[in-house]
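One structure below.
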There are 2 protein chains.
Amino acid sequence: MKSIKVKCWIETNGDKLYGPGPHELLRNIKAEGSLSKAAEKMQLSYRKAWDIVQQLNKHSEEPLVILRKGGKTGGGAEVTIHAQEVMEAYNKLQKKLQEVTKEEKQLLKILN
Amino acid sequence: MKSIKVKCWIETNGDKLYGPGPHELLRNIKAEGSLSKAAEKMQLSYRKAWDIVQQLNKHSEEPLVILRKGGKTGGGAEVTIHAQEVMEAYNKLQKKLQEVTKEEKQLLKILN
DNA sequence: AAGCGTTATGTATTTAAATATATATCGGAC
DNA sequence: GTCCGATATATATTTAAATACATAACGCTT
């Protein structure tokens with residue numbers, strides 16, 4: 001019925017840089033090899049997905065996503081090793097936070 | 001420059017029940033003794049604040065906020081003891097989560 | 001050179017959230 | 001019984017976010 005949710009993200013100068021949305025997008029890009037397919041998979045407009053990628057690459061010294069256009073496949077999207085490190089670290093952090101909320105049942109009890 | 005943010009809230013049947021917004025509202029109600037003043041203090045429309053209070057009371061067996069109209073003061077808002085327990089439990093949880101993010105600097109390092 | 005599947009990007013439209021506005025109600029004080 | 005300061009609530013307006021749409025560019029393949 002009632003449940004505790006937790007969410008974490010990284011901000012830079014007050015605007016959101018990396019969070020659940022970008023994280024899912026990176027996972028999808030890795031799985032699909034295509035930005036448009038990745039966006040579709042999570043019911044996100046291509047435009048928005050593209051914006052997210054620009055934001056990510058803009059605020060990281062090394063690029064997180066490499067986009068290519070043309071070629072025999074028409075183009076594609078690739079998640080860099082660097083990005084995969086970010087994803088893994090984010091996963092770990094999320095897991096830690098989840099564990100804290102699992103221990104904490106008091107709030108739910110009080111609200112009944 | 002870059003920083004990790006964390007947020008927790010309670011959902012019931014998929015919609016948000018208690019989180020940073022309601023929490024701040026309760027604090028303000030407690031300080032002001034008035035829903036309209038509490039809303040104003042956090043730059044929230046009275047309408048929205050009132051809706052939040054309805055939502056909170058609707059989903060908790062015991063009411064969290066008591067609203068009164070009329071009388072010598074014109075009316076007022078009061079945070080119940082029950083609500084104060086919720087607030088305290090929420091504060092504790094948030095503090096715990098904050099500590100986890102403080103330990104976790106790896107993500108920031110990777111994103112540089 | 002035409003066709004393809006993708007990325008690239010500006011602009012228009014839609015959608016949802018929040019706010020603003022207006023009016024009613026309550027109950028004590030005078 | 002009128003005024004006051006608060007809550008109560010419907011409706012209209014504004015705002016911001018997301019989406020939709022349109023078009024161009026790219027580079028390989030044929």
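Reminder, nothing fancy here: chain letters follow the sequence lines and each chain counts from 1. Only heavy atoms go into these numbers, but all of them, side chains included; no hydrogens, no water, no symmetry mates.
Within 4.0 Å of R47(B), counting heavy atoms only, lies at least one base atom of the nucleic acid. Residue contacts shown for E32(B) are absent, as no nucleic acid heavy atom lies under 4.0 Å away.
In this structure, the separation between NZ on K2(B) and OG1 on T12(A) is 5.0 Å, given to the nearest 0.5 Å. Annotation: the span from E85(A) atom CD to L64(A) atom CG amounts to 10.5 Å, rounded to 0.5 Å.
Under the side chain to side chain contact (heavy atoms under 4.5 Å, CB included) criterion, N91(B) pairs with H23(B), Q94(B), sequence neighbours left out.
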*Step by step, work out the side chain to side chain donor-acceptor pair (under 3.5 Å) result for K30(A) and Q84(A).*
CA-CA 9 Å; K30(A) 191 179 175 186; Q84(A) 294 181 42; 3.3 Å; yes

*Begin with the C-alpha distance, continue with both residues' side-chain angles, and end with the deciding distance and a verdict on side-chain contact (heavy atoms from CB on, under 4.5 Å) for I52(B) and L44(B).*
CA-CA 11 Å; I52(B) 290 172; L44(B) 190 68; 4.1 Å; yes

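A cation-pi contact links K16(A) to W9(A), judged by a cut-off of 6.0 Å to the six-membered ring centre and 45° from its axis.
Here the range on DNA chain D touched by chain A, meaning any atom under 4.0 Å from one of its heavy atoms, is dA18(D) to dT29(D).
Not a single donor-acceptor pair under 3.5 Å links the side chain of N57(B) to the backbone N or O of P63(B).
Atom CH2 of W50(B) is separated from atom P of dT25(C) by 15 Å (rounded to the nearest Å). Per the geometry, CD belonging to E78(A) stands 15 Å off C1' belonging to dT7(C), to the nearest Å.
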Under 3.5 Å, N/O pairs linking protein and nucleotides 2-5 of chain C:
from, atom 1, to, atom 2, distance (Å)
dG5(C), N2, G74(A), O, 3.0

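Nearest-nucleotide positions on DNA chain D place Y46(B) closer to the 5' end than the other of L44(A) and Y46(B).
Looking at every heavy atom in both residues, E104(B) comes nearest to I4(B) through O-CD1, 3.1 Å.
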